[in-house]
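This report concerns only the one structure given below.
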Amino acid sequence: QQPVQSPQAVILREGEDAVINCSSSKALYSVHWYRQKHGEAPVFLMILLKGGEQKGHEKISASFNEKKQQSSLYLTASQLSYSGTYFCGTEEYRGGKLIFGQGTELSVKP
Amino acid sequence: ETGVTQSPTHLIKTRGQQVTLRCSSQSGHNTVSWYQQALGQGPQFIFQYYREEENGRGNFPPRFSGLQFPNYSSELNVNALELDDSALYLCASSSPIAGPLGSYNEQFFGPGTRLTVL
C-alpha cells in the first residue's frame, strides 16, 4: 500500500525550514527519501532503517518513528537548489520492492 | 565509475505495438529495478532483477516482462501497448550495503525513457 505524504505542496522563502512527512499503514524495514527535479531522475537523499538514520545529506536530516511507521524529512535553511518534488519510498523487508508516496512539491523562492 | 544509463530517451509508439527499453546498471551493482512514473505521480514498482532472476513484481500485467543479462544490464519489454502505458520508465540499480544498523540497498536511478503511446 502506498505511503501517504504531507503536505502535497509547500512554498518557502530562501533560508526558511520545512518538514515533509511520510506515513505508512504497514510495518517497515526502511524509508528512502528522494528528490526529483522536473524532467530529471530521482536523486537519492537519505535512507532510514529501524533504529535510526543510516545516511544523511547536506543540511537535510530525517527521522523514523518505528512505532507509528512515520518518517519526517527536515530541510533547514533552504536554498533555491532544494526546489523539486520529494518522494518517500518504503520497504517492508530488506531487498523488497520500494513503494513510493505521491510526492511533495517544494518551491523555494528568493 | 559510470552511472545508470537508459535508452532510448524518448519513444513514440502506437497502440498494440511492442517496445523494448534498455538499462545499463552502475558498475558493481547486481540488482536492477524498473519503475513506471505517470505525470504528477510517484514511481510505481514494476519488477526487480537480482543476478538475472526476477526478484519481486509489482501490480503490473504479464505483458510487462523483463530480462537481466550476465553483465547486469536489463531490458523491459511491454507488449500490446495501451494508451495508459504512456509514462516515464525509470530503472534503478543497486547492490546490498552493510551498515551498522543492517544492510540496505541504495538505489541509483537512470534518466528514464519517456514513452508516448498514440
Side-chain angles (χ1 to χ4, degrees), chain A residues 1-6 8-9 20 22-24 26 28-57 62-64 66 71 84-105, chain B residues 3-6 9-10 23-26 29-51 53-60 66 87-114:
Chain A
Q1 193 167 352
Q2 186 181 39
V4 176
Q5 288 185 232
S6 63
Q8 288 189 326
I20 300 172
C22 174
S23 180
S24 174
K26 302 234 176 188
L28 301 174
Y29 174 77
S30 69
V31 179
H32 302 224
W33 285 96
Y34 287 82
R35 176 172 62 214
Q36 186 177 30
K37 293 183 182 282
H38 184 69
E40 297 180 9
V43 173
F44 175 82
L45 294 175
M46 177 114 20
I47 183 170
L48 300 104
L49 301 187
K50 285 197 273 191
E53 178 186 313
Q54 187 75 23
K55 193 169 177 179
H57 184 270
S63 63
F64 179 25
E66 295 165 36
S71 179
T85 302
Y86 288 77
F87 292 100
C88 69
T90 57
E91 198 178 17
E92 291 178 33
Y93 54 90
R94 186 186 76 74
K97 57 187 179 183
L98 209 53
I99 307 298
F100 285 90
Q102 79 280 20
T104 295
E105 189 171 352
Chain B
V4 180
T5 60
Q6 292 187 243
T9 52
H10 294 85
C23 171
S24 288
S25 58
Q26 184 162 311
H29 287 181
N30 56 20
T31 303
V32 172
S33 303
W34 284 93
Y35 296 86
Q36 179 194 68
Q37 187 176 27
L39 208 58
Q41 302 292 318
Q44 280 206 299
F45 177 78
I46 303 175
F47 42 58
Q48 181 184 86
Y49 279 84
Y50 172 67
R51 293 185 175 179
E53 296 284 332
E54 188 178 289
N55 183 42
R57 189 178 180 94
N59 191 25
F60 280 80
L88 180 67
Y89 288 84
L90 296 161
C91 81
S93 75
S94 61
S95 267
I97 299 172
L101 299 176
S103 65
Y104 61 95
N105 279 36
E106 181 178 326
Q107 297 197 19
F108 291 86
F109 281 85
T113 293
R114 173 73 62 188

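Proteins come first, then strands; the chains are lettered A, B, ... in the order of their sequence lines, and each starts at number 1.
Sparse packing is recorded around CD of A/Glu105, with 12 or fewer heavy atoms of other residues, nucleotides or ligands lying under 6.0 Å away. Around the NZ atom of A/Lys26, the shell of radius 6.0 Å holds no more than 12 heavy atoms that belong to other residues, nucleotides or ligands.
No other option in A/Gln36, A/Gln5, A/Glu91, A/Glu40 has as many heavy-atom pairs under 4.5 Å with chain B as A/Gln36. Per-residue counts of heavy-atom pairs under 4.5 Å with chain B were compared for A/Pro42, A/Ala41, A/Cys88; the largest is that of A/Pro42.
Using a 4.5 Å cut-off between heavy atoms, B/Tyr50 makes no contact with chain A at all. If you measure heavy-atom distances from B/Gln107 to chain A, the contacts under 4.5 Å come from both the backbone and the side chain. No part of B/Arg114 comes within reach of chain A, as not one of its non-hydrogen atoms sits under 4.5 angstrom from that chain.
Taking both residues in full, the closest heavy atoms of A/Phe87 and B/Gly42 are given as CE2-CA, 3.2 Å, listed atom of the first, atom of the second, then distance. Shortest non-hydrogen contact noted between A/Leu98 and B/Phe45 is O-CB, 3.8 Å.
Using cut-offs of 30° and 60° for the angle between ring planes, the B/Phe109 and A/Tyr34 rings count as perpendicular.
Here CD of B/Glu106 is found 9.0 Å from NE2 of A/His32. Values are rounded to the nearest 0.5 Å.
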